[in-house]
Number of protein chains: 2
Amino acid sequence: MGIGRPRNFDRDTALEQAMEVFWRHGYEGATIAQLTDAMGINPPSLYAAFGSKEALLKAALDRYTARREAWMAEVLGAPTAREVTARMLMGVAEKQTDPSNPPGCLLVQGGLACGSGSANVPFELAARRAQTEEQLRHRFERAKDEGDLAETADPAALARYVSAVITGMSVMASSGADREALTQVAVVAIKAIEDQSVRVPVAAN
Amino acid sequence: MGIGRPRNFDRDTALEQAMEVFWRHGYEGATIAQLTDAMGINPPSLYAAFGSKEALLKAALDRYTARREAWMAEVLGAPTAREVTARMLMGVAEKQTDPSNPPGCLLVQGGLACGSGSANVPFELAARRAQTEEQLRHRFERAKDEGDLAETADPAALARYVSAVITGMSVMASSGADREALTQVAVVAIKAIEDQSVRVPVAAN
DNA sequence: CCAGATTTGTAGTGCTCGCTACAAATGTGG
DNA sequence: CCACATTTGTAGCGAGCACTACAAATCTGG
């Protein structure tokens, strides 16, 4: 009783290529032919390894979010809410214009509106975007506890705000905005957070 | 020589329904069957009246932007940059959660990433979004001339920022955010503009 | 009331979609 | 070296896509 013929492609490498296709064309815009072509395999291999087009997307989303976790941890480790926001938005401006990836964010480009047959794809993407917002909210709540954010500040509202700016930057990037344009947006956006930060009088210390 | 059988549907009414379908499902997600069903006509009538699916989308986009022109004029008529931004963002929060329309903005929901056969649709949408940004930039340039914005303010950057926030709010709305959540975002976002506004000492006048 | 012009509804067209049946190929265990 | 398990490439499945050929229907002008 043998173990069978071994597959001759690397699952992670293939998934990486699939992610790029979804990123560039969206879930519905990406065809199986494009995917298998980019992955360097044939349709049966794709279905044996991932199950379906939608399951392949979810695997790609998992890979995408997992890759950003290390960076997110670094961002959230900044000492103040202002610094968290600054690192976040400046990092986003950089990452979303990284020429080694398609522009924008997979969680947005993947598909905001889909046909009736793929109605749950937008929900899947929205749920993953919401995770980032929640991480920011927790961080801002901590900042408020630590006295870093003003007593009147609303951590949930601030997190929603930063999340919205990130999404807006993502759409801008996907439609051709360059790094400088995104950085300008980030710089302005940060001011709204500074406004709610407790200013430590540096000279007085 | 007769004039022919009269069409028995109203072009504008049908276009209105088509716009809703594109808004809800995106360009690629909307099928001709869904469109003709919503419009209450048959495919040959659609093609005779609009030419093609893509031409129908463009007609819907024209209708969409034309409808917003009156509102935009009112927004841009506000006396200060801060007030323009406030009216803009608060209005967006309201409009994008108007239950009589699909949530979000057609210029975003229409399709950020498309398949290779519809590659110019995202460009078409981006160009129309850019129009709003340009209107804001002109208004902010005027505000700077009028001394309403600080000398150090960058009208183009501010316009890009407001445009990005609008887009971010649109995506949030499309994924279920309610009016209150969007309003919170707007309130925070406005602070970044206030920061660059020249404060008129009210009590001193 | 007829001739010409246009729209209508029916019923498809060819094409591409996501997905899979099948047999040859390639590995391991006995 | 043979039996078995799994993957591979080919080739094509039914379904749904955007779009249209066609003839009946409905108008106006004479």
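Both backbone and side-chain heavy atoms feed into the values below; hydrogens, waters and symmetry mates do not. Order of the sequence lines fixes the chain letters, A, B, ..., with proteins taken first and strands second; residue numbering starts at 1 for each chain.
A heavy-atom distance below 4.0 Å to DNA chain C is reached by these residues of residues 15-34 of chain A, ordered by number: Ala30(A), Thr31(A), Ile32(A).
Contact between Gly104(A) and Ala173(A) at its shortest, heavy atoms only, is N-CB, 3.7 Å. Glu83(A) and Ala78(A) get closest at one heavy-atom pair: CG-CB, 3.7 Å.
Rounded to an integer number of Å, the gap from CZ of Arg7(B) to C1' of dG9(C) is 16 Å. Rounded to a whole Å, the CG atom of Leu46(B) is 11 Å from the P atom of dT8(C). The CG-P distance, from Leu56(B) to dC19(D), rounds to 10 Å in whole Å. In this structure, the CD1 atom of Ile3(B) is 9 Å from the C1' atom of dA5(C), given to the nearest Å. The separation between Ile41(A) atom CD1 and dG9(D) atom C1' is 12 Å, rounded to whole Å. Atoms CG (Leu35(A)) and P (dC17(C)) sit 11 Å apart, rounded to a whole Å. Between Lys53(B) atom NZ and dT20(D) atom C1' the separation is 17 Å, expressed in whole Å.
Heavy-atom distances to DNA chain D give each of Gly4(B) and Ser52(B) a nearest nucleotide, and the one nearer the 5′ end belongs to Ser52(B).
Taking the side chain to side chain donor-acceptor pair (under 3.5 Å) definition, one finds that Thr97(A) meets it with Arg179(A), sequence neighbours left out.
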Per-nucleotide protein contact string for nucleotides 20-25 of chain C (B base, S sugar-phosphate only, - none; heavy atom under 4.0 Å): BB---B
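Close to dT8(D), at under 4.0 Å from its OP1 or OP2, lies a side-chain N or O of Asn8(A). For the OP1/OP2 pair of dT7(C) and a distance below 4.0 Å, the side-chain nitrogens and oxygens of Ser45(B) include no atom meeting the criterion.
Using a 4.5 Å heavy-atom cutoff, the side chains of Gln196(B) and Asp154(B) are not in contact. The shortest distance between side-chain heavy atoms of Val92(B) and Ile166(B) falls below 4.5 Å.
For the pairing with Ser174(B), the side chain to side chain donor-acceptor pair (under 3.5 Å) check across Gln109(B), Gln96(B), Arg24(B) returns one residue only, Gln109(B).
Applying the 6.0 Å contact sphere to CZ of Phe9(A) captures more than 12 heavy atoms from other residues, nucleotides or ligands.
A perpendicular orientation is assigned to the rings of Tyr64(B) and Trp23(B), their planes being inclined by more than 60° (bins at 30° and 60°).
Here the straight-line distance linking atom NZ of Lys53(B) with atom CG of Leu35(B) works out to 7.0 Å at 0.5 Å rounding.
Distances from the side chain of Pro6(A) to the nucleotides dT26(C), dT28(C), dC19(C) place dT26(C) closest.
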